[in-house]
Structures are given as structure tokens and as C-alpha cells.
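Just so we're on the same page: letters track the sequence lines, and every chain starts at 1.
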Amino acid sequence: MGYDLNMKVWRGDESGGELTDYVVPVEEGEVVLDALHRLQATQAGDLAVRWNCKAGKCGSCSAEINGKPRLTCMTRLSVFEPGETVTVTPLRTFPVIRDLVTDVSYNYEKAKKVPPLSPEPRQADGTYRMQQEDVERGQEFRKCIECFLCQSVCHVIRDHEDNKEAFSGPRLFLRYAELEMHPLETKDHREAAKAEAGVGLCNITKCCTEVCPESIKITDNAIIPVKERVVDRSYDPLVWLGSKIFRRSADD
Amino acid sequence: MTDPSTIERHSYDVLVVGAGGAGLRAAIAAHDAGAKVAIICKSLLGKAHTVMAEGGAAAAMGNVYSEDNWRVHFRDTMRGGKMLNHWRMAQLHAQEAPDRIHELEDWGALFDRTPDGLISQRDFGGHRYARLAHVGDRTGLELIRTLQQRAVALGIDVYMECTVTKLFQEGGRITGAFGYWRESGRFIVFEAPTVVLATGGIGKSYKVTSNSWEYTGDGHALALEAGASLVNMEFVQFHPTGMVWPPSVKGILVTESVRGDGGVLRNSEGRRFMFDYIPEFFKSETADNEAEADRWYDDKTNNRRPPELLPRDEVARAINAEVKAGRGSPHGGVFLDIASRRSAEYIQRRLPSMYHQFKELADVDITAEPMEVGPTCHYVMGGVAVDPDTEESTVTGLYAAGEVAGGMHGANRLGGNSLSDLLVFGRRAGIAAAAAATAAPSERVSISDDDVTAAADAALAPFERQGGENPYSVQQDLQDIMHRLVGIIRRADEMQQALSELEQLKERSAQLSVEGHRQYNPGWHLALDLHNMLRVSECIAKAALERTESRGGHTRDDYPATEDDWGTVNLHCVLDDDAVSVRRETLPEMPDELRELFEEK
């Protein structure tokens, strides 16, 4: 049943820090977040950890566990070998605030740039009519719990801080894809996806898809279709000519 | 001593505390009404408890059953609340919910559809017709994301990971709020003539709960301390189906949609025991045999509802009784079975996140085997007493909407009525607060340095004490007391015991000390939250002791009957010399045209 788990947890802040060793008693069926909570309650009252729902639905408790970006509430201790040390470090792509808590404001800043939906008018009876199969594409993207694991693992920004200015990252590409495929949307968001979000910088290594706890096919179902649409617009000679002759603005 | 001149200050017309469904909807409404608005939230934006709502939002749109309308929804809501709801809130809610759902589509929400392209609606406990607009079993996520994106698109200021610890008042009016940034521990002062509380519930005061760390009754306590009253605090909803195994997930919600979509409850003998627990009050509308219950899913006109879809209080009590009688599952719950009743494809399509949750956390495949479930603390019906039309409390400038407000759900809330409650009353609160704030802009009172210094000193007190107890152990004891002594089944002697133990906890919590410094320090945050949890727990225990009957979410072992005399009485908790006192008030009387709805057969 219960046993003593060896853990290494990164403690520190923006000025630096180190892995600290702990031994935590744990029980059958527990997850990494349970171990962190017990650590907090019994040995390290000021250990900084973000969490909310503890059921994989809010995406708050993201961290790197043995080097892999994961939700700590959905990582069961039974996936590790008995006696294996579990190492928990903050998400690498974002600046550390304290211990396992990082500054994820980058994602919220990028979200401010996403255009709102501009839906067609409602039907005369005040409703919208959409078919289930048409809403399902967008619904897949809207499953996103904003854990930002995809953002953290995306090497365009993970290893290149200077790309952050021009690149919004996979979580935000889901938003552009959603707008592009929304059954009611009247506007064209390809220019925004290219110029504002920098979808062109993604070179589809699918790292984001691999870590998504909601199993959203980010690369195949969102990024690649958006890239294709952007390319169609940029390189279609008729569209290019039309845009020159009729001086269409970006959001036509 | 903190120098008040060094503290960051901001000025707004409307300050919304909380960024779940109610807070976001209030902020959007206040912004649209022309007010300068700020949202303050304890967590990151989009993480509030609304995200956990699964089944759907109840609204009588009549998309699946054209017989449905607001009167039927109103009647279901009042009956589900054992007639203790504020009739006007239940009426506004039923009337306005469809519009509030439709406008989410303007902002990008993608609900599941009917074959002719309208918003699909699903069955839930206590609702006569299929009425819940839904997105699989992640409706709350859809709702919060839609509102969050709308608020961001409107450019509303959001103060994330910021906690309010004190409301300021002058001459009986609200003048602003005091808080701290979780990240840095630095203080922040908001000057605002109106504050909308949208802080959610109190579930973290219980040991087994579906609620997150945020649910510490902050808004309840802030309102109480500002002089408002809390109504119906004895009514706490234990959701009948929480996970029971493994221990680390005990209490995590299993959506009612499992039953709405055909799942049934069985005991260790394989019996659908809910047929043994149909109360007189619901007999005429509940099937008394399995054949009729099973036919109801496809033909609601000629069959009555399965007893598994009785209101939550009834089902939670029944499960509790089965387990007590020794007919529970191996881990102390009962079996919730949908695997033997619906195809694997149907279950995965309708209940994707339940499938995922059980697979990942419990190694259970819900398409092949039954789940083990038991009651979990889920929702508080009680909250700030407000005017039904404006959501203003008895304190001028102080509003409340969503779970922190009381009255709407009476003694028991129907599933699906929470998400629509957030939208309907969030919007109303935002509109009313904006109107009040912008009506007399010249009257603004500034907040005194003395008040700010006092608030700062109170927040820093846990750092001043050395060698005191750690807040986590006090919280654990509180959860244990409330669970054991003021839980799903209550008795006078146990509640008296709880009240005396709560007094001891108050003394212990006044002596807490925390380690470390002010930067992102969960121990410190908990020490401050504990104050609120203790206040709210005292309200629950005192009101529960006072109500000598059983009704809805309040079940007394020593007073098992529902008494007509109590059916016209609301209990209000107020603060008197730093102690909670309870007073009785007569329930507002329903107008005749609504009363008639309950006389029809």
C-alpha cells in the first residue's frame, strides 16, 4: 500500500534555485500533485504550486516531471518504478516566479490579439442553425484547458526567447483555426494568423500534439489546415491580383 | 506597519470579485452599460470553478420538447428547492435563461446540436423535460471560455492571482476593496462605489468535496463582515455521485449526465435501489417500475421519470442509507452503471471526460464496468441575501451573483440550474452595479489611510507570530469537523459539538504562523482563507441547528419530517459583535398567477 517516495523538487525564484530532496509518504492510487500537497502540508508550507480542480479539467498544475511536461494532477505515481526518484521542475519556457509557479502571462498577452467572432445574423426566430458535424471541428479545439504544455514544449519558443514577439504558439493557433472553421464566422482570419500569430514559423514537429492532455490533434487538425489556408491566400495569383486591384483590407 | 502611500491604487466604477461564470457575465454587462470595470480573481483567468461544471445549462428553449416553457422550468425549480426558493429569482431565472444561452453563441460558443440544427438539450434530475444545453460533458469549460474570450475582446481589466481580503465602507456604502497579489505578496487597493461578489462557494470546508482550493467562502465572509446577511446557509448540496476510489480522487465529481443519459444506480445485490426511496412529494411524477423508467428516455409523454433522476438531495440520502445498511460497493459507495445499458460508442460520445477521468485516475473503463460513486460536498444553496431584480445586498453598493448569492435555489438546487443562474444573475448584477456607480460619480468617497493600514496589518499578522501552528493542520481539522458533525445527516448534539470545536479552531487560527516570505506563499494564503472558512462554517452549523426539520439539502436525524411551518421561514445569518447570530424571516409570498402553477395536476 503506502510507501516513501523520493522526490526532487525545484525550489527557488527568478534569481536562481536548486533541486531539493524530499522523502514523502504516499498512498496507493495517488498522483504527483498529492505528493506535492503532502509536502506542502507537512514539510514545506511555503512550497509554491498552482492547482485548482485536481481532475484534469482546469489546466493549472502543469510542470515538468522527470523532464516531461505534464499535468501533476493526472500523473499517477504508479507510472514510475518503485524506488524511482520523481523530479518535478517548473515549465521551462516561462520565467519562474517561485518554485513550480511560472509567469505564463505571455499566453494571456497573445490571447488579447485574437480577433473576436463576427457571426452571421441570427435566423428570424432568434436562433442559429448549425449541424452537429459542422460544430465538431471547432469543439475539438475548444476542449483546450489552457494548461500551456503545448506552448512550453514548442521549440520555436522553448529554445528561442526572441521568437516570442512574433509567434503566438500552438494554443493560440487553435483559436485561429477555430475562427476559420466556425460555421457562423463571416470574416477571414488568415492574414491575422500569419502576421499577428506567426503560424508560418511553426515547422510541424508535432511536439505540441504529443503533450496535449486533451488529445487534441493540434498539428494535423488545426495548424496544418491554417497554414494551408494562409498559403492559398498568399500564393493564389488571382487573390493576390484581386487584393491589389480592389485594395481589400486584411479583415475583409 | 505598512506605509499606505506605497500601496498600489486603482479606481473603477464596478469591481467584480471572482472570474467564474457569474463574475465574467457581470463584468461584460457592466462594461456594456458604460462602466469602467475590473475583474479580480484568485487564480489565473479561466480556471475558476465554473470550468468543472459538466452536464449543462438549464434553459426552457423547447428545442427537444416543444411543451417546455419558463413556467414548467419555474415549477421544477421551486419543487426541487422544496418551495423555499425566492419565487422572484426562480421566475427571472426561468424566463431569462434561454436568452442568456443564445447570446453565448454570438460570442462563439459551440453547443451540441439537435438533428435540425438547434441547440441540443439533455435530461437531468428534477427537470420535467430535456432542458440542459450542453457540450458533451464539458459544458462549464465552454461557458467560461466563451465569457473569458468575450471579456478579453472587450478589453476589460483583469487582475489575476489577486485575492480580496477586505471591503471598505463609509457611511454604510461600499467604497472599495483591499487585496494582495499572490505572486509578489504586495498589497493593492481598489476605489469603487460598487462591488459585485462572484466568489463561488464554500466546499473546501468539507473533507470530501468536488470543490477546489479557491472555494473558501470568501465572498460570503466579506459580505457578512460588511453587514449583509446570508440566507439559507443550512442548505449544502451533497452531489450524489462523486468518485470514491482511489482515495486521492475521493470527491471528484461524476456528472449527473451519466444518469440523464441512461445510467442507473445499483447496490451490492444488483438492485436498482432508488425505487425504494421515492418520496411522497415526487410519487406522481416518478416511475415505480423498471420497465416504465426505461421507456421514459424515448417517450416522456406516457411514462414517468426514473427514480435515479430525482433531485440530488433525494439521491444522495438514498446512497448514504444503502451504504449504511451494508449494501455498498467495496470502497464504500454504490455502483453507477451505464456500461450495461448503452453502447460504448454512445458513452464515449456523450461522456468523453468521464470516460477519460475514470480511465486515467481509477483504471476503470466505464464502457465496460460500473463506476463506484458516493456523495460529495458540491454546492451551497445559501448565500448573500439580495434583491432579486438587482442582486444588491442590504449594503448599498454591494452586489452578489452566482453561488455566493442565496435565495434562487431554496433548499436544494437542480442540476443544470447553476450555469444558467450565473448568466442570468451575473448580467443583472452587472447592469445594476453599473447604473448605480455611474449615476452619481461626484459622490465618491476616498478610502482613508487608517483603513488601508488596518487591512494591511491584519493580512500580515500570520508573519508576525513565531512558533505558532501551521495553517494546513487547522484546515484539515476544520474539514474533518464539518464532514463528521455538520455533514449530510445532522443531529443537534453533533452540531453543538461542532460549534464548540469551531470555537477552539478560531482560537487556534488566531495563533497561526507561516514560514517563508510574502512571494507566492500558499501557506500564508491559506492562513488568510481560513478566517473565511471558519466564518462560513459557523453560519452553516448555527443555521442547521436552528432548523428543526428536514428539507432539501438539510437532513436532521432527530427531526426527519418536513414541517409546513418551516416552509415559510428563511434563516438569515448576520454578524453580531464578531459572532454569528441567526434570525428568522418570513419567505416572500408568491403571487397568485404563479401559485396556480402548483395546483394543476
Side-chain angles (χ1 to χ4, degrees), chain A residues 13 27-31 34 40-42 44-60 74 76 97-99 101 103-105 108 111-112 114-117 119 122 126-132 134-136 138-139 142-146 175 178-179 182-184 214-215, chain B residues 43-49 51-52 102 105-108 110-113 115-120 135-136 138 140-142 145 149-150 152-153 155 158 160 183 212-214 245-249 252-253 353 356-357 360-362 470-473 476 514-517 519-524:
Chain A
D13 56 27
E27 299 291 330
E28 185 193 348
E30 290 192 325
V31 294
D34 290 313
Q40 229 177 17
T42 56
D46 61 342
L47 172 67
V49 182
R50 260 198 200 107
W51 72 285
N52 279 62
C53 76
K54 206 176 170 289
K57 293 190 171 65
C58 77
S60 301
M74 294 299 278
R76 294 180 69 181
I97 292 172
R98 190 172 176 207
D99 303 337
V101 175
D103 175 1
V104 292
S105 57
Y108 288 95
K112 289 179 186 168
V114 180
L117 183 78
R122 292 191 196 184
T127 67
Y128 289 114
R129 303 285 172 130
M130 293 182 257
Q131 291 306 308
Q132 181 65 29
D134 294 327
V135 300
E136 276 173 8
Q139 284 183 335
R142 291 175 72 86
K143 284 195 311 189
C144 170
I145 57 173
E146 300 200 325
R175 297 279 310 275
E178 184 192 309
L179 283 170
H182 197 292
L184 303 176
E214 287 293 306
S215 305
Chain B
S43 287
L44 296 173
L45 187 59
K47 309 299 185 192
H49 214 67
V51 88
M52 292 289 284
H102 281 131
E105 290 195 301
D106 294 332
W107 303 336
L110 289 172
F111 291 102
D112 287 344
R113 316 308 293 183
D116 48 359
L118 293 166
I119 294 173
S120 172
V135 184
R138 57 159 190 86
L141 173 66
E142 185 70 10
R145 209 58 91 222
Q149 289 169 3
R150 178 71 181 169
V152 169
V158 183
M160 286 190 232
E183 178 179 330
S212 81
W213 71 270
E214 292 194 287
W245 183 262
S248 97
V249 299
I252 292 182
L253 188 64
S353 80
H356 184 71
Q357 179 174 311
E360 296 286 321
L361 294 173
N470 131 12
Y472 297 96
S473 52
Q476 213 168 348
V514 294
E515 54 185 302
H517 51 75
Q519 196 185 3
Y520 217 111
N521 185 338
W524 178 40

Nearest heavy-atom approach of Gly29(A) to Ser248(B) is O-OG, 3.3 Å
Minimal heavy-atom distance between Ile252(B) and Lys54(A), with the atoms involved, is CD1-O, 3.2 Å
Which bit of Val514(B) is near chain A, if near means a heavy-atom gap under 4.5 Å: side chain, backbone, both or neither?
neither
Rounded distance (nearest 0.5 Å) linking atom CZ of Arg50(A) with atom OG of Ser43(B):
8.5 Å
Out of Pro116(A), Gly56(A), Ser60(A), which one racks up the most heavy-atom pairs below 4.5 Å with chain B?
Ser60(A)
Please state whether the side chain, the backbone, both or neither of Pro115(B) comes within less than 4.5 Å of a heavy atom of chain A.
backbone
Donor + acceptor pair across side chains of Asp46(A), Gln519(B) (<3.5 Å)
no
Highest number of heavy-atom pairs under 4.5 Å with chain B among Glu178(A), Lys112(A), His182(A) belongs to His182(A)
Scored by heavy-atom pairs under 4.5 Å with chain A, the best of Asn470(B), Ile119(B), Leu361(B) is Leu361(B)
When Val51(B), Asn521(B), Asp106(B) are compared by non-hydrogen pairs under 4.5 Å with chain A, the top option
Asp106(B)
Flag the one option from Leu47(A), Val49(A), Leu184(A), Val114(A) with the top tally of heavy-atom pairs under 4.5 Å to chain B.
Leu47(A)
By a 4.5 Å heavy-atom criterion (distance strictly below it), what part of Arg98(A) contacts chain B: side chain, backbone, both, or neither?
side chain
Chain B interface, residue from Arg122(A), Glu136(A), Glu30(A) that has the most non-hydrogen pairs under 4.5 Å
Arg122(A)
Please answer whether the main-chain N or O of Cys58(A) pairs with a side-chain N or O of Lys47(B) as donor and acceptor at a distance below 3.5 Å.
yes
By a 4.5 Å heavy-atom criterion (distance strictly below it), what part of Asp34(A) contacts chain B: side chain, backbone, both, or neither?
side chain
Measuring heavy-atom distances to chain B, does Val104(A) have an atom under 4.5 Å in its side chain, in its backbone, in both, or in neither?
side chain
Quick one: pull up CG in Leu141(B) and SG in Cys53(A) and give me the separation to the nearest 0.5 Å.
10.5 Å
Please identify, among His356(B), Arg138(B), Glu214(B), the residue contributing the most non-hydrogen atom pairs under 4.5 Å to chain A.
Arg138(B)
Pairs of heavy atoms under 4.5 Å with chain B: top-ranked of Arg142(A), Met130(A), Lys57(A):
Arg142(A)
Of the listed Arg150(B), Glu105(B), Arg113(B), Gln149(B), the one with the largest count of heavy-atom pairs under 4.5 Å with chain A is Arg113(B)
Roughly how far apart are Arg129(A) CZ and Asp116(B) CG, rounded to 0.5 Å?
5.5 Å
Counting heavy-atom pairs under 4.5 Å with chain A, which one of His49(B), Gln357(B), Met52(B) comes out on top?
Met52(B)
As an exercise, state the distance from CG of Leu110(B) to CD of Gln132(A), rounded to the nearest 0.5 Å.
9.5 Å
Under 4.5 Å from any heavy atom of chain B - which part of Ala111(A)
backbone
Part of Asp103(A) within contact of chain B (heavy atom distance under 4.5 Å)
neither
Closest non-hydrogen atom pair, Phe111(B) against Gln139(A)
C-NE2, 3.6 Å
Under 3.5 Å: donor-acceptor pair, side chain of Glu515(B), backbone of Gly45(A)
yes
Cut-off 4.5 Å, heavy atoms of chain B, and the answer for Glu28(A) is both
Region of Pro115(A) in contact with chain B, defined by heavy-atom distances below 4.5 Å:
neither
Residue part contacting chain A, namely of Trp524(B), when any heavy atom lies under 4.5 Å
neither
Distance-minimising heavy-atom pair for Tyr520(B) and Ala48(A)
O-CB, 3.3 Å
Do any N or O atoms from the side chain of Tyr108(A) and from the backbone of Leu45(B) form a donor-acceptor pair under 3.5 angstrom?
yes
Do the charged groups of Arg76(A) and Glu360(B) touch, with an N to O distance under 4.0 Å?
no
Select one option (side chain, backbone, both, neither) describing which atoms of Val101(A) are under 4.5 Å from chain B's heavy atoms.
side chain
Can any side-chain N or O of Trp213(B) pair as donor or acceptor with the backbone N or O of Trp51(A) at less than 3.5 Å?
yes
